[in-house]
2 protein chains.
Amino acid sequence: MAQRKSPFRLCSAPAPRPRDAEQTRAEILRAARLLFATRGYANAGMREIARAAGITPALVVRYFGSKRDLFLAAIETDIGLAPFLGPDRATVGRHIARYFFSKPLRDADTLSILLHAAGDPEVRDLATELLNARVIQPLARWLGPPRAEARAALLLAIISGTWLFRQALPMRAFAGGPDAALASCLAAQIQHVVDGLPEP
Amino acid sequence: MAQRKSPFRLCSAPAPRPRDAEQTRAEILRAARLLFATRGYANAGMREIARAAGITPALVVRYFGSKRDLFLAAIETDIGLAPFLGPDRATVGRHIARYFFSKPLRDADTLSILLHAAGDPEVRDLATELLNARVIQPLARWLGPPRAEARAALLLAIISGTWLFRQALPMRAFAGGPDAALASCLAAQIQHVVDGLPEP
DNA sequence: GTTTTTTGTAAACGCCTGTTGACTTCTACC
DNA sequence: GGTAGAAGTCAACAGGCGTTTACAAAAAAC
């Protein structure tokens, strides 16, 4: 049975979204970011992304060229670390800790996308470079000497470790909501790195 | 040209390994552990594992049933954390930090296999459970109150974060060999969790 | 020495993936 | 109102995956 589309549509046929290239592109990107962040690159299929965006896989390719290019577009957003890097260095540990212990962590976070790309040979190097350029280096500049880059990497490692057991391998101990004691300990550790490392 | 096999073999024909089921099984397990640890579950193919073990993919299935069962067998080994959990609580932070900053980290480490399984829907829950049972719980028992499980999870998160940027997403700052300052800071942080968390 | 069991290989199967090309359908312009 | 082009769908392709089946060869049992 042929379905009439317009202007007198049958009720059983779901209303097709008005054709708007810009909005469709944005919708694809939104779906891709969400799925890349929650399932990882390899496990987020083009068909699944297309279905989440309400369109066809072929259209995803037409808009973004390939899956890898879609991934590139998906991580072309700010990592969202800038708000923490203000002049107030004394409380930044607490702010970062609270942000990364907030529940739930923003699903389509760029950091989640990049961390979930670990171990995927197709995008691993890309994620590594981007984490270096977008997180480590700005963080290192903000931290300043001594050992700015090493301290920045260590700070990101602490943040990523907590992310790992809240999002990727959800542990019972981390699942019970924001634990004040955990958060404060995390804050202290971050602050410790911010203030500088002890000499060996 | 037919190749003679035995007892007078031509030099050009590589010597086939003598048929030894037990050794073949061990060889498969060794190859699987190495590839699961370095490439992750999804990206370690049966053909690749079989090739690394010097046999045929069909034989891997005959020995272990399926890829998932092979993974189960691959993680059925000690995590290697026990040596650190001795009576000397004052220096455990330093020992653990030195171990996880040692270069290179053991490739086929069970911890690497489990952490690399993050985000893979096929084995993620399994890895989570095993990390709980084999790492968090023993660690929590050893740490003792207060908040034993939360502190154990936080400790594992710190260790895993450094693992992430040394193995999975190799960062330049972590690649330059054991950094004494980094290691000592890591040791201090671990020790801090071992000694107990500050009250909020 | 023959037969049976174990140990291994080769080729294929069904499924899923990213991607492509041919084809509709809606929209905007002349 | 007719038409060019954008927006979207559909079915198929090539390739990789884990797995299976059929078969060969070595070792062991009789």
Side-chain angles (χ1 to χ4, degrees), chain A residues 1-10 13-29 31-32 35-36 39-74 120-123, chain B residues 2-9 13-29 31-32 35-36 39-74 120-123:
Chain A
M1 171 181 108
Q3 293 180 354
R4 303 195 37 200
K5 288 296 180 56
S6 169
F8 306 105
R9 196 178 302 107
L10 293 179
R17 193 176 49 246
R19 294 190 166 190
D20 184 340
E22 197 170 339
Q23 184 187 333
T24 300
R25 187 183 175 91
E27 197 69 22
I28 295 172
L29 213 50
L35 285 167
F36 283 149
R39 298 214 205 293
Y41 179 77
N43 294 115
M46 293 289 268
R47 287 168 174 82
E48 195 178 7
I49 293 173
R51 180 155 22 92
I55 50 154
T56 292
L59 205 56
V60 179
V61 175
R62 259 245 309 252
Y63 271 86
F64 288 94
S66 72
K67 185 182 181 182
R68 202 189 141 87
D69 289 337
L70 175 60
F71 185 80
L72 279 172
D120 208 304
E122 253 177 292
V123 289
Chain B
Q3 293 181 356
R4 303 201 30 206
K5 289 293 182 58
S6 168
F8 306 106
R9 194 178 305 107
R17 192 175 52 244
R19 294 192 164 192
D20 185 341
E22 197 170 339
Q23 185 186 333
T24 301
R25 186 184 175 89
E27 197 68 24
I28 295 172
L29 212 51
L35 285 167
F36 282 148
R39 298 214 207 295
Y41 179 78
N43 294 115
M46 293 290 268
R47 288 167 174 84
E48 196 179 5
I49 293 172
R51 182 157 19 92
I55 51 154
T56 292
L59 205 56
V60 179
V61 174
R62 260 246 307 251
Y63 271 86
F64 288 93
S66 73
K67 184 182 182 182
R68 190 162 204 278
D69 289 337
L70 175 60
F71 184 80
L72 279 172
D120 208 304
E122 253 178 293
V123 289

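Here is the naming used below: chain letters follow the sequence lines, and residue numbers restart at 1 for every chain.
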Once you round it to whole Å, what is the distance between [atom2] of [N] and [atom1] of [X]?
X     : N      : atom1 : atom2 : value
A:D20 : C:dC26 : CG    : P     : 16 Å
B:L35 : D:dC17 : CG    : C1'   : 15 Å
B:E22 : C:dT6  : CD    : P     : 16 Å
B:I55 : D:dA24 : CD1   : P     : 21 Å
B:L70 : D:dC17 : CG    : P     : 15 Å
B:R62 : D:dA22 : CZ    : C1'   : 12 Å
B:K67 : C:dC15 : NZ    : P     : 19 Å
B:E48 : D:dC17 : CD    : P     : 8 Å

Below the 4.0 Å mark, does C:dG8 have OP1 or OP2 next to a side-chain nitrogen or oxygen of B:T24?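 Yes, within the criterion.
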
Would you indicate, yes or no, if C:dT7 has its OP1 or OP2 atom less than 4.0 angstrom from a side-chain nitrogen or oxygen of B:Y63?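 No, B:Y63 has no side-chain N/O under 4.0 Å of OP1/OP2 on C:dT7.
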
How would you label the contact of A:A21 with the nucleic acid (heavy atoms, under 4.0 Å): base, sugar-phosphate, or nothing?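 Sugar-phosphate: the residue A:A21, judged by heavy atoms under 4.0 Å, touches backbone atoms but no base.
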
Any base atoms under 4.0 Å from A:A44, or only sugar-phosphate, or nothing? Heavy atoms, all strands.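 Sugar-phosphate contact only - A:A44 comes under 4.0 Å of backbone atoms but never of a base.
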
Flag this pair as yes if the NZ/CZ of A:K67 is under 6.0 angstrom from the six-membered ring centre of A:F36 and inside a 45 degree cone about the axis; otherwise no.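 The answer is no; the distance or angle limit is not met.
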
Can the positive tip of A:R25 be found less than 6.0 Å from the middle of the six-membered ring of A:F64, inside 45° of the ring normal?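 Yes - A:R25 lies over the ring of A:F64, closer than 6.0 Å to its centre and within 45° of its axis.
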
Does B:R47 make a side-chain donor-acceptor contact with the base of D:dG16, cut-off 3.5 Å?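 Under the 3.5 Å cut-off, the side chain and the base do not form any donor-acceptor pair.
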
Taking the nucleotide of DNA chain C with the nearest heavy atom to each, does A:R68 or B:A58 sit closer to the 5' end?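 First, find each residue's nearest nucleotide; the 5'-ward one identifies B:A58.
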
Shortest non-hydrogen contact from [X] toward [Y]:
X      : Y     : answer
B:D120 : A:N43 : CA-OD1, 4.0 Å
B:V61  : B:M46 : CG2-CE, 3.8 Å
A:I55  : A:V60 : CD1-CG2, 3.8 Å

When you measure from the side chain of A:M46, which nucleotide among C:dT9, D:dG8, C:dG18 comes out closest?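 Comparing C:dT9, D:dG8, C:dG18 against the side chain of A:M46, the answer is C:dG18.
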
Of all the choices, D:dT19, C:dT27, C:dT9, which nucleotide is nearest to the side chain of A:R19 once you look at every atom?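 Ranking D:dT19, C:dT27, C:dT9 by closest atom to the A:R19 side chain puts C:dT27 first.
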
